[in-house]
Amino acid sequence: EGQGTKREDAQKYLTQIIPQRQHEEELLGKANLDLRKKDRGGLNDALDLLGQIIQNGGPRKPEAERLRQNAQDALSTLDKQQRDQKIASLQESARQMIKQGDISSARTKVDEIKQAGGDATPLSAEIERAATAQKSAAQYEASYQQVVQKYQQIPADDKNGLQGALADFQSIAQSGG
(Lines give C-alpha, C1' and ligand atoms only; values in the text may rest on other atoms or scores of the structure.)
Protein backbone atom coordinates (compact mmCIF):
# COMPACT_ATOMS: atom_id res chain seq x y z
CA GLU A 1 0.00 0.00 0.00
CA GLY A 2 2.97 2.36 0.57
CA GLN A 3 3.84 2.13 -3.09
CA GLY A 4 0.37 3.26 -4.13
CA THR A 5 0.71 6.40 -2.04
CA LYS A 6 4.14 7.14 -3.49
CA ARG A 7 2.80 6.55 -6.96
CA GLU A 8 -0.01 9.03 -6.30
CA ASP A 9 2.50 11.50 -4.84
CA ALA A 10 4.76 11.07 -7.87
CA GLN A 11 1.78 11.56 -10.16
CA LYS A 12 0.85 14.75 -8.23
CA TYR A 13 4.42 16.05 -8.69
CA LEU A 14 4.26 15.28 -12.41
CA THR A 15 0.83 16.71 -13.09
CA GLN A 16 0.50 19.55 -10.55
CA ILE A 17 3.45 20.59 -8.41
CA ILE A 18 6.21 20.68 -11.02
CA PRO A 19 4.03 22.29 -13.73
CA GLN A 20 2.89 24.92 -11.18
CA ARG A 21 6.50 25.58 -10.24
CA GLN A 22 7.51 25.82 -13.91
CA HIS A 23 4.63 28.22 -14.51
CA GLU A 24 5.71 30.26 -11.48
CA GLU A 25 9.30 30.43 -12.80
CA GLU A 26 8.00 31.44 -16.24
CA LEU A 27 5.85 34.22 -14.72
CA LEU A 28 8.77 35.42 -12.59
CA GLY A 29 11.07 35.50 -15.63
CA LYS A 30 8.53 37.55 -17.60
CA ALA A 31 7.99 39.87 -14.63
CA ASN A 32 11.73 40.47 -14.34
CA LEU A 33 11.91 41.34 -18.05
CA ASP A 34 9.01 43.75 -17.64
CA LEU A 35 10.64 45.33 -14.60
CA ARG A 36 13.80 46.05 -16.59
CA LYS A 37 11.81 48.17 -19.05
CA LYS A 38 11.26 50.77 -16.29
CA ASP A 39 8.29 52.27 -18.13
CA ARG A 40 4.69 52.47 -16.98
CA GLY A 41 3.46 49.68 -19.25
CA GLY A 42 6.25 47.29 -18.28
CA LEU A 43 5.84 48.01 -14.58
CA ASN A 44 2.08 47.45 -14.73
CA ASP A 45 2.57 44.19 -16.64
CA ALA A 46 5.10 43.08 -14.02
CA LEU A 47 2.64 43.91 -11.25
CA ASP A 48 0.01 41.70 -12.89
CA LEU A 49 2.44 38.77 -13.22
CA LEU A 50 3.76 39.20 -9.69
CA GLY A 51 0.19 39.31 -8.38
CA GLN A 52 -0.44 35.92 -9.97
CA ILE A 53 2.68 34.47 -8.34
CA ILE A 54 1.67 35.85 -4.94
CA GLN A 55 -1.88 34.57 -5.32
CA ASN A 56 -0.65 31.06 -6.17
CA GLY A 57 1.37 31.05 -2.94
CA GLY A 58 4.31 29.08 -4.32
CA PRO A 59 7.92 29.13 -3.11
CA ARG A 60 8.67 32.36 -5.03
CA LYS A 61 5.93 34.31 -3.24
CA PRO A 62 8.35 36.27 -0.94
CA GLU A 63 10.51 37.29 -3.91
CA ALA A 64 7.40 38.26 -5.88
CA GLU A 65 6.19 40.40 -2.95
CA ARG A 66 9.56 42.18 -2.79
CA LEU A 67 9.57 42.77 -6.55
CA ARG A 68 5.98 43.98 -6.43
CA GLN A 69 6.98 46.60 -3.83
CA ASN A 70 9.89 47.66 -6.05
CA ALA A 71 7.53 47.99 -9.03
CA GLN A 72 5.05 50.04 -6.99
CA ASP A 73 7.88 52.31 -5.81
CA ALA A 74 9.09 52.73 -9.40
CA LEU A 75 5.56 53.63 -10.53
CA SER A 76 5.31 56.19 -7.72
CA THR A 77 8.62 57.69 -8.85
CA LEU A 78 7.38 57.85 -12.45
CA ASP A 79 4.18 59.54 -11.27
CA LYS A 80 6.19 62.12 -9.32
CA GLN A 81 8.50 62.78 -12.28
CA GLN A 82 5.53 63.18 -14.61
CA ARG A 83 3.84 65.56 -12.16
CA ASP A 84 7.04 67.58 -11.71
CA GLN A 85 7.49 67.82 -15.49
CA LYS A 86 3.89 68.96 -15.92
CA ILE A 87 4.31 71.63 -13.24
CA ALA A 88 7.59 72.85 -14.78
CA SER A 89 5.93 73.06 -18.19
CA LEU A 90 2.97 74.98 -16.75
CA GLN A 91 5.34 77.39 -14.97
CA GLU A 92 7.31 78.01 -18.16
CA SER A 93 4.10 78.55 -20.10
CA ALA A 94 2.83 81.01 -17.48
CA ARG A 95 6.11 82.96 -17.61
CA GLN A 96 5.84 83.21 -21.40
CA MET A 97 2.30 84.52 -21.00
CA ILE A 98 3.52 87.09 -18.47
CA LYS A 99 6.15 88.28 -20.98
CA GLN A 100 3.43 88.58 -23.62
CA GLY A 101 1.25 90.57 -21.22
CA ASP A 102 -1.44 87.87 -21.02
CA ILE A 103 -1.97 88.06 -17.25
CA SER A 104 -5.35 86.30 -17.31
CA SER A 105 -3.96 83.19 -19.04
CA ALA A 106 -0.97 83.18 -16.68
CA ARG A 107 -3.38 83.13 -13.73
CA THR A 108 -5.17 80.17 -15.32
CA LYS A 109 -1.83 78.33 -15.44
CA VAL A 110 -1.33 79.08 -11.73
CA ASP A 111 -4.67 77.37 -11.02
CA GLU A 112 -3.54 74.36 -13.07
CA ILE A 113 -0.26 74.22 -11.13
CA LYS A 114 -2.19 74.21 -7.85
CA GLN A 115 -4.48 71.45 -9.13
CA ALA A 116 -1.40 69.40 -10.05
CA GLY A 117 -0.14 69.78 -6.48
CA GLY A 118 2.55 72.37 -7.17
CA ASP A 119 3.50 75.50 -5.24
CA ALA A 120 2.50 78.50 -7.31
CA THR A 121 3.33 81.16 -4.70
CA PRO A 122 6.46 82.57 -6.43
CA LEU A 123 4.72 82.57 -9.81
CA SER A 124 1.66 84.31 -8.35
CA ALA A 125 3.95 87.04 -7.03
CA GLU A 126 5.51 87.43 -10.50
CA ILE A 127 2.05 87.72 -12.03
CA GLU A 128 0.99 90.38 -9.52
CA ARG A 129 4.16 92.40 -10.21
CA ALA A 130 3.53 92.13 -13.95
CA ALA A 131 -0.13 93.11 -13.51
CA THR A 132 0.90 96.16 -11.45
CA ALA A 133 3.48 97.14 -14.07
CA GLN A 134 0.92 96.65 -16.84
CA LYS A 135 -1.59 98.84 -14.99
CA SER A 136 1.03 101.53 -14.39
CA ALA A 137 2.00 101.47 -18.06
CA ALA A 138 -1.64 101.82 -19.08
CA GLN A 139 -2.11 104.76 -16.69
CA TYR A 140 1.07 106.37 -18.00
CA GLU A 141 -0.10 105.90 -21.60
CA ALA A 142 -3.49 107.42 -20.79
CA SER A 143 -1.83 110.44 -19.11
CA TYR A 144 0.49 110.88 -22.07
CA GLN A 145 -2.38 110.74 -24.55
CA GLN A 146 -4.30 113.34 -22.51
CA VAL A 147 -1.31 115.72 -22.57
CA VAL A 148 -0.84 115.23 -26.33
CA GLN A 149 -4.54 115.82 -26.95
CA LYS A 150 -4.50 118.93 -24.74
CA TYR A 151 -1.40 120.21 -26.59
CA GLN A 152 -3.04 119.68 -29.98
CA GLN A 153 -6.01 121.83 -28.91
CA ILE A 154 -3.87 124.82 -27.87
CA PRO A 155 -4.31 127.76 -30.26
CA ALA A 156 -1.10 128.90 -31.97
CA ASP A 157 -1.00 132.24 -30.17
CA ASP A 158 -1.70 130.88 -26.63
CA LYS A 159 1.67 131.32 -24.87
CA ASN A 160 0.25 130.31 -21.49
CA GLY A 161 -1.22 127.14 -23.01
CA LEU A 162 2.15 126.29 -24.58
CA GLN A 163 3.87 126.93 -21.25
CA GLY A 164 1.40 124.57 -19.54
CA ALA A 165 1.92 121.89 -22.21
CA LEU A 166 5.70 122.24 -21.83
CA ALA A 167 5.36 121.65 -18.06
CA ASP A 168 3.08 118.64 -18.65
CA PHE A 169 5.54 117.05 -21.12
CA GLN A 170 8.46 117.71 -18.77
CA SER A 171 6.58 115.98 -15.98
CA ILE A 172 5.97 112.95 -18.18
CA ALA A 173 9.56 112.86 -19.43
CA GLN A 174 10.91 113.04 -15.88
CA SER A 175 8.62 110.24 -14.65
CA GLY A 176 10.54 107.77 -16.80
CA GLY A 177 8.27 107.52 -19.78
Side-chain angles (χ1 to χ4, degrees), residues 23-58 60-152 165 168-177:
H23 182 65
E24 184 178 50
E25 294 297 328
E26 182 183 325
L27 291 176
L28 190 62
K30 288 179 182 177
N32 276 313
L33 286 175
D34 287 337
L35 287 170
R36 286 190 198 115
K37 293 178 188 174
K38 302 231 184 258
D39 65 6
R40 189 170 304 282
L43 292 170
N44 281 324
D45 290 346
L47 283 173
D48 290 341
L49 296 169
L50 294 166
Q52 291 177 43
I53 295 168
I54 293 165
Q55 187 175 3
N56 291 338
R60 297 292 212 143
K61 180 180 177 180
E63 182 179 357
E65 288 173 334
R66 181 183 56 77
L67 291 172
R68 179 176 63 181
Q69 186 60 51
N70 292 348
Q72 289 169 337
D73 292 347
L75 277 172
S76 293
T77 299
L78 281 178
D79 289 342
K80 184 182 181 317
Q81 288 172 346
Q82 188 175 27
R83 180 180 123 325
D84 291 348
Q85 287 172 347
K86 178 181 180 180
I87 290 169
S89 174
L90 288 168
Q91 288 172 332
E92 179 58 31
S93 180
R95 286 190 174 96
Q96 289 298 320
M97 290 171 179
I98 292 169
K99 287 179 186 174
Q100 295 167 359
D102 189 353
I103 302 299
S104 175
S105 294
R107 284 188 174 122
T108 299
K109 294 296 177 190
V110 163
D111 291 340
E112 291 177 38
I113 289 168
K114 289 177 184 175
Q115 288 172 354
D119 178 13
T121 306
L123 188 58
S124 292
E126 286 179 47
I127 290 170
E128 292 315 309
R129 283 192 298 273
T132 301
Q134 201 176 57
K135 186 177 178 182
S136 294
Q139 288 171 341
Y140 176 82
E141 180 63 26
S143 296
Y144 174 76
Q145 291 301 328
Q146 280 181 327
V147 170
V148 168
Q149 195 172 29
K150 184 177 164 186
Y151 167 76
Q152 290 172 345
D168 290 342
F169 279 114
Q170 281 178 338
S171 173
I172 289 173
Q174 290 172 352
S175 70

Is the backbone of [Y] close enough, under 3.5 Å, to the side chain of [X] for a donor and an acceptor to pair up by distance?
X    : Y    : result
E126 : R95  : no
N56  : G58  : no
T132 : E128 : yes

message: Could you check whether atom CD of Q55 has more than 12 heavy atoms from other residues, nucleotides or ligands sitting under 6.0 Å from it?
response: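 No, the 6.0 Å shell around CD holds no more than 12 heavy atoms from other groups.
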field: More than 12 heavy atoms from other groups under 6.0 Å of CZ on F169
entry: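 Buried by this count: over 12 neighbours within 6.0 Å.
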Please find the pair of heavy atoms, one from [X] and one from [Y], that lie closest to each other, and give the distance.
X    : Y    : value
A130 : I98  : CB-CG2, 3.5 Å
L50  : R68  : CD1-N, 3.5 Å
I172 : V147 : CD1-CG2, 3.6 Å
Q134 : G101 : NE2-O, 2.8 Å
A106 : M97  : N-SD, 3.8 Å
K109 : S93  : CE-OG, 3.5 Å

field: Polar contact flag, side-chain donor to acceptor under 3.5 angstrom, D111-Q115
entry: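 Judged by distance alone, the side chains do not pair up.
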[atom1] of [X] to [atom2] of [Y]: how many Å apart, nearest 0.5 Å?
X    : Y    : atom1 : atom2 : answer
D39  : L78  : CG    : CG    : 8.0 Å
T108 : D102 : OG1   : CG    : 8.0 Å
L27  : N32  : CG    : CG    : 11.5 Å
R129 : S124 : CZ    : OG    : 10.5 Å
L33  : D45  : CG    : CG    : 11.5 Å

task: Taking the side chain as every heavy atom from C-beta outward, state whether D79 and R40 have any pair of such atoms under 4.5 Å apart.
output: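 Yes - at least one pair of side-chain heavy atoms lies under 4.5 Å apart.
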field: Any side-chain heavy-atom pair of I87 and Q91 under 4.5 Å
entry: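 With C-beta onward as the side chain, the pair touches.
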message: My understanding is that only one of N70, L75, T77 makes a side-chain contact (heavy atoms from CB on, under 4.5 Å) with L43; could you say which?
response: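 The side-chain contact (heavy atoms from CB on, under 4.5 Å) with L43 is passed solely by L75 among N70, L75, T77.
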- prompt: Which residues pass the side chain to side chain donor-acceptor pair (under 3.5 Å) test with Q96, sequence neighbours left out?
  reply: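 If we apply the side chain to side chain donor-acceptor pair (under 3.5 Å) test to Q96, skipping adjacent residues, the hits are E92.
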message: My understanding is that only residues two or more places apart in sequence, or in another chain, count here; which of them pass salt bridge (charged side-chain N to carboxylate O under 4.0 Å, His left out) with K80?
response: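 K80 satisfies salt bridge (charged side-chain N to carboxylate O under 4.0 Å, His left out) with D84 only.
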E141 and Q145: CA distance, side-chain angles, deciding distance, side-chain hydrogen bond (donor to acceptor under 3.5 Å, both in side chains) verdict: CA-CA 6 Å; E141 180 63 26; Q145 291 301 328; 2.7 Å; yes
task: Apply side-chain hydrogen bond (donor to acceptor under 3.5 Å, both in side chains) to the pair D48 and Q52, showing each step before the final yes or no.
output: CA-CA 6 Å; D48 290 341; Q52 291 177 43; over 6 Å; no
